[in-house]
Each structure stands twice: as C-alpha cells, then as structure tokens.
Amino acid sequence: MPPKRLSAAEYATGILAGSRTVLGRAITLVESTLPADQALAQAVLQAVLPHTGRSLRVGITGVPGVGKSTFIEALGRFLVETKGLKLAVLAVDPSSQRGGGSILGDKTRMPWLAAQPAAFIRPSPAGNSLGGVARATREALLLCEAAGHDVIFVETVGVGQSETTVHGMVDFFLLLLLAGAGDELQGLKRGIMEMADALCITKADHGNEQAARRARLDYQSALHLFPPAPSGQVQPVLLTSAVDGTGLAQVWEVIETYAAATRQSGYFAQRRQEQQLQWLHQSIAQALETRFYADAAVRERLPTVRAAVAAGRLTPFAAAGELLRL
Ligand SMILES: Nc1nc2c(ncn2[C@@H]2O[C@H](COP(=O)(O)OP(=O)(O)OP(=O)(O)O)[C@@H](O)[C@H]2O)c(=O)[nH]1
Ligand SMILES: [Mg+2]
C-alpha cells in the first residue's frame, strides 16, 4: 500500500524535524511532473523557505571517471568525522534515464556516507531536459537545507551544459582534473576552467604524484592567462588523492577561506542573488514555453507551419511570429 499522502504542512514539519523519510518523499514530489504534485511541492517549498539558505553549496565537476563520487565520499567522510558536519549529496546528470537502480549505483560509490545518519545521498533525477533536471535539483537543494544539512555537494559530469547549470546553483565550484591524461587540458572548454573557483588534480597517488605536481604547474600557468575571477579570489590548483586522503583538509580549507572572504566582500550574497534572478527568468521562460505548446490553436497549426518552414516556404522567424499571435 502506498504511504498516506501528506499535506504541505506535514511535509514541512517532517523536513524541519530532520526526517530522512519525509525529506526523500518531498524530493520525489519536486521531481514529479504531475500538476497536482507540483502544486503541493511549491506549497512545501514555500513553507520551508525561511529555513533555507544556510548551507554551503559546493559543485563538483569533471569528466566521467575523473573520480568525483570517490572524492565526495572521501571529503564528505572528513567533514562528518572531523568537523561534525551534516551533508547532502545531489547530482545533475541529464543524460541519465536511470530508474531506481541508480540509487544503488551512487550509494555503492559512496558506501561510507551512505551508511551515515549525517549524510543524505540522492541521485540525479531522471529527465530528458536539462531545465527540468536543474529545477528539481535546485528545489531538492532547498529541501536539504531546510532539513539542516550544513554542506550540499552537487556532482555533475563535465561534458556539455550541465556544469554551467550547476555553477548557477552553488557558492563554490570545484573542477576535478587528472594528471597525464594525454592532452593537458583534457579537451576541457576554457569556459569551465574560468568558471571554477578552484581546480583539483586528483588521483595523486600510486606513482602518479609527480605527474600530478607537473600538471598542477601547467594548470597554474594556464590560469594566469585568464582574466581575474569575478569573485576577486585567486583560483588555487590543489592536489588530492581520494584513496589515501591526501589534500582533503587543504581542499576544505580553501573552500572555507573562499566562503569567509566572499561573505566579507559581499560577493557571496551577490552571487546567490544573481542565481535567484537567473532562476526566476528561467522559470518564466519554461512556464511560457509549456503554456505555448499546450495551447490548442498552436497545436493545431504547428504541423502545417513546421512543414512550411522545413520546405523553405516560410522563414522560422515569421513562423514563430504567426504561432505566437495565435
Ligand atoms: N588511485 C585512485 N583512484 C581513484 C581516486 N578517485 C577515484 N578513483 C577511481 O576512479 C574510478 C572512477 O571514480 P568515480 O568516483 O566513480 O568517478 P566519477 O567522476 O564520479 O565518475 P562518473 O560519475 O561516472 O562521472 C573508480 O574506479 C575509483 O576507484 C583516487 O584518488 N585515486
Ligand atoms: Mg560519479
């Protein structure tokens, strides 16, 4: 029998009391595309809103297999064990059409955290649009904050657009890199390096240490060619091994120093404010698009207009104008 449907107030109370079950169910609610669920989800978010915003939001990106999950497991363990922090791990992977099985996948990559009451792990919502996945993750992040998590990690694969999306929802954005993986810059778009608040050469272990140090110098000089970061902070290049724990304390120190400095300068609050406004405009654009395509007149006329555009009888601009006037 499915669990009883909760009211918005019951969800909010459960989340604020730190119930993992209610938090998990609330995230399922924000991931749902059913209109009734969405209305309830918005009511829940509104109710917990005063209790959000207090965590440190950290994005972790890097090419597939670079070691993001293992890194989060190791850094997360350090934070739980030595700092006594409560953390949540979310993911943005728009390519994933994975169902419930993925929960197991992500949790087996973070076995220690998965067994901790102080850590909450949630895999990427499945979805075919990055916009939809991003919305669900942003809302899940707020729910996790309301549930009292001090640090939220958001893992995303560094290929395509998802890293820009995650950059738009975090306070600190960390790019993981490998040493000696052929091309020094690993085909990374310059934009990702510019967006990063720190770079981290990982897997600096098992004989790979020297290559890692060399890569660090290369990335340091590459960064010198870029304009200064808008945060006004230098972008450090760090070395870590998630396997033997090297460098994890330094990574955390860099993140904390960054947070303190940008809180002081006002950049921290400014970045969050800009993210909120960006989110507002994305929400408007998404809602308009949904309404546009749901419109009966548009649906009726669209196939004809598409055919005319495809055949070159009508310009896309004129066609869009015609449909919008409907
Ligand atoms: N030697 C060594 N191996 C590592 C380290 N970190 C991760 N690995 C290994 O690298 C492989 C990939 O690690 P993951 O953490 O799954 O990488 P990921 O970036 O999360 O991968 P995706 O989520 O698939 O993009 C695994 O076999 C890990 O055991 C490290 O610091 N040192
Ligand atoms: Mg991973």
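Both counts, for ligands and for their atoms, begin at 1 and track the order of listing. Numbers here are sequence positions counted from 1. It should be emphasised that the depicted structure is a prediction, and the values quoted were computed from it without experimental measurement.
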* State the atoms of ligand 1, each with its element, that fall below the 4.0 Å cut-off from a heavy-atom position in E155. => 20 (O), 23 (O)

* Show your working on side chain to side chain contact (heavy atoms under 4.5 Å, CB included) between L56 and F172 and close with a plain yes or no. => CA-CA 8 Å; L56 195 53; F172 190 93; 5.8 Å; no

* **Sole residue of R271, Q270, Q278 in side-chain hydrogen bond (donor to acceptor under 3.5 Å, both in side chains) with E274** => Q270

* Asked: Looking only at distance, does A242 have an N or O less than 3.5 Å from an N or O of ligand 1?
  -> yes

* To do: Could you verify whether a donor N or O on one side chain and an acceptor N or O on the other, from T156 and E163, lie under 3.5 Å apart?
  => no

* Does R122 use its side chain to pair, donor to acceptor, with the backbone of V89 at less than 3.5 Å? -> no

* **Sub-4.0 Å protein heavy atom next to atom 27 (O) of ligand 1** => no

* Determine yes or no for a side-chain-to-main-chain donor-acceptor pair under 3.5 angstrom, with K86 supplying the side chain and V151 the backbone. => no

* Can you check whether F71 has an N/O within less than 3.5 Å of an N/O in ligand 1? -> no

* Asked: So which N/O/S atom does E155 have closest to the Mg ion (ligand 2)?
  -> OE2

* Structure fact -> shortest atom 11 (C) of ligand 1-to-protein heavy-atom contact is with K203 NZ, 3.9 Å

* Considering G67, G247, S241, G62, which one's heavy-atom position lies nearest to atom 17 (O) of ligand 1? -> G67

* Polar side chain donor-acceptor pair, R138 to Q282, under 3.5 angstrom -> yes

* Structure fact -> Of all protein heavy atoms, the one nearest atom 13 (O) of ligand 1 is T70 OG1, 3.4 Å

* No-hydrogen, no-angle side-chain donor-acceptor test under 3.5 Å, T262 and S231 -> no

* Asked: So D171 and R263, salt bridge (Lys or Arg N to Asp or Glu O under 4.0 Å) or not? Walk me through it.
  -> CA-CA 10 Å; D171 305 312; R263 279 196 169 108; 5.9 Å; no

* Backbone or side chain, does S69 get an N/O/S atom under 2.8 Å to the Mg ion (ligand 2)? -> yes

* To the nearest 0.5 Å, tell me how far L176 CG sits from K68 NZ. => 7.5 Å

* Asked: Do you see a protein non-hydrogen atom under 4.0 Å from atom 4 (C) of ligand 1?
  -> yes

* To do: Determine whether the side chains of Q42 and E139 contain a donor N or O and an acceptor N or O closer than 3.5 Å.
  => yes

* Measure V66 to ligand 1 on non-hydrogen atoms and call it side chain, backbone, both or neither using the 4.0 Å cut-off. => both

* Structure fact -> If you compare G65, A74, P64, G207 by their heavy atoms, the one closest to atom 12 (C) of ligand 1 turns out to be G65

* For H206, the ligand 1 atoms whose distance to one of its heavy atoms is below 4.0 Å -> 1 (N)

* Asked: Does ligand 1 have any atom that is closer than 4.0 Å to a heavy atom of E73?
  -> no

* Asked: Identify the closest protein heavy atom to atom 1 (N) of ligand 1: which residue and atom is it, and at what distance?
  -> D205 OD1, 2.9 Å

* Based purely on interatomic distance, does R109 place a nitrogen or oxygen under 3.5 Å from a nitrogen or oxygen of ligand 1? -> yes

* To do: Considering heavy atoms of the protein only, find what lies nearest to atom 18 (P) of ligand 1 and give residue, atom and distance to 0.1 Å.
  => K68 N, 3.4 Å

* Asked: With clusters built from Ile, Leu, Val, Met, Phe, Trp and Tyr whose side-chain heavy atoms come within less than 4.5 Å, directly or transitively, what are the remaining members of the cluster of L323, listed by chain and number?
  -> F292, Y293, V298, L302, V305, V309, L314, L324, L326

